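Atoms considered below: every heavy atom in the structure, side chains included; atoms not considered: hydrogens, waters and symmetry mates. Each chain gets a letter, A, B and so on, in the order the sequences are listed, and its residues count up from 1. Please read all numbers here as calculations on a predicted model, not as lab measurements.
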Amino acid sequence: EPEVTQTPSHQVTQMGQEVILRCVPISNHLYFYWYRQILGQKVEFLVSFYNNEISEKSEIFDDQFSVERPDGSNFTLKIRSTKLEDSAMYFCASSELGGAYSNQPQHFGDGTRLSIL
Amino acid sequence: GESVGLHLPTLSVQEGDNSIINCAYSNSASDYFIWYKQESGKGPQFIIDIRSNMDKRQGQRVTVLLNKTVKHLSLQIAATQPGDSAVYFCAESGNTGKLIFGQGTTLQVKP
């Protein structure tokens, strides 16, 4: 069964450094998402991406965050200058359809654990 | 505001019994609902979904019930097995695609 893959599984970074989290969505999917989960808390939406542009972003997704689809398979989340409170699990998800046709399940990767020191 | 929640943080059941996990949502404009299972160290795994024009949907050993009148969603797991032990999240979606997750219920299956 096709799956979303994320790398690395664990990233340790010094505060203030840039970090790039990588995702390979399911190949025929058109909508891509990033979510985060702080330890012991619920999963929170960060951003959705379609047709090479951001569709929607949350308040968490400030100007320190950016997303990119650099080629036909990868989808990345960049945090420019990390803060201690950025420590969390970051999940990538993809769906075949989305937006106004959002009645399609989003499939998640196993996440990247980001630890900011 | 938008919020999705679950009634109980932890549910403990005996192996072989049926489990019912509940969720309340507040956004009456939401029209799509999903249950996810999250095992330790893994991402949310899709279990079953339901659209707002339905009130019941069945899968393999799982049933989702939707009561739009009281904005309540439930997941029923038949003949619960040790492999069902995990955290279960409900999530809702409107017309933008983003998922709003509830807090999660930890299901513990006792042998």
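Counting non-hydrogen atoms of neighbouring residues, nucleotides and ligands closer than 6.0 angstrom, the CD atom of A:Glu85 exceeds 12 such neighbours. Environment of NZ in A:Lys57: sparse, with no more than 12 heavy atoms of neighbouring residues, nucleotides or ligands closer than 6.0 Å. Counting non-hydrogen atoms of other residues, nucleotides and ligands closer than 6.0 Å to CZ of A:Arg69 gives a total above 12.
Looking at B:Gln38, the atoms closer than 4.5 Å to chain A (heavy atoms on both sides) all sit in the side chain, from C-beta outward. Contact annotation for A:Gln37: only side-chain heavy atoms (C-beta onward) come within less than 4.5 Å of a heavy atom of chain B. With a 4.5 Å cut-off on non-hydrogen atoms, B:Tyr36 touches chain A through its side chain but not through its backbone.
When hydrophobic clusters are built by joining Ile, Leu, Val, Met, Phe, Trp and Tyr residues whose side-chain heavy atoms come closer than 4.5 Å, directly or via intermediates, A:Phe108 is not grouped with A:Leu21. In the hydrophobic cluster analysis, where Ile, Leu, Val, Met, Phe, Trp and Tyr join through side-chain heavy atoms closer than 4.5 angstrom, A:Ile20 is grouped apart from A:Trp34. Two different hydrophobic clusters hold A:Val4 and A:Leu114 under the rule that ILVMFWY side chains link at heavy-atom gaps under 4.5 Å. Residues A:Phe49 and A:Tyr31 do not share a hydrophobic cluster, defined by chaining ILVMFWY side chains whose heavy atoms lie under 4.5 Å apart.
Here the closest non-hydrogen pair linking B:Gly43 and A:Asp110 is N-OD1, 3.0 Å. In terms of heavy atoms, B:Phe89 sits closest to A:Lys42 at CE2-CA, 4.1 Å. Scanning all heavy atoms of the two residues, the minimum distance from B:Asp49 to A:Pro105 falls at OD2-CD, 3.8 Å.
The line from CZ of B:Phe101 to CD of A:Gln41 is 14.5 Å long, rounded to the nearest 0.5 Å. Atom-to-atom distance recorded for B:Gln45:CD and A:Glu3:CD is 11.0 Å, nearest 0.5 angstrom.
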Could you please spell out the steps behind the side chain to side chain contact (heavy atoms under 4.5 Å, CB included) verdict for A:Tyr35 and B:Leu99?
CA-CA 9 Å; A:Tyr35 292 81; B:Leu99 291 176; 3.4 Å; yes

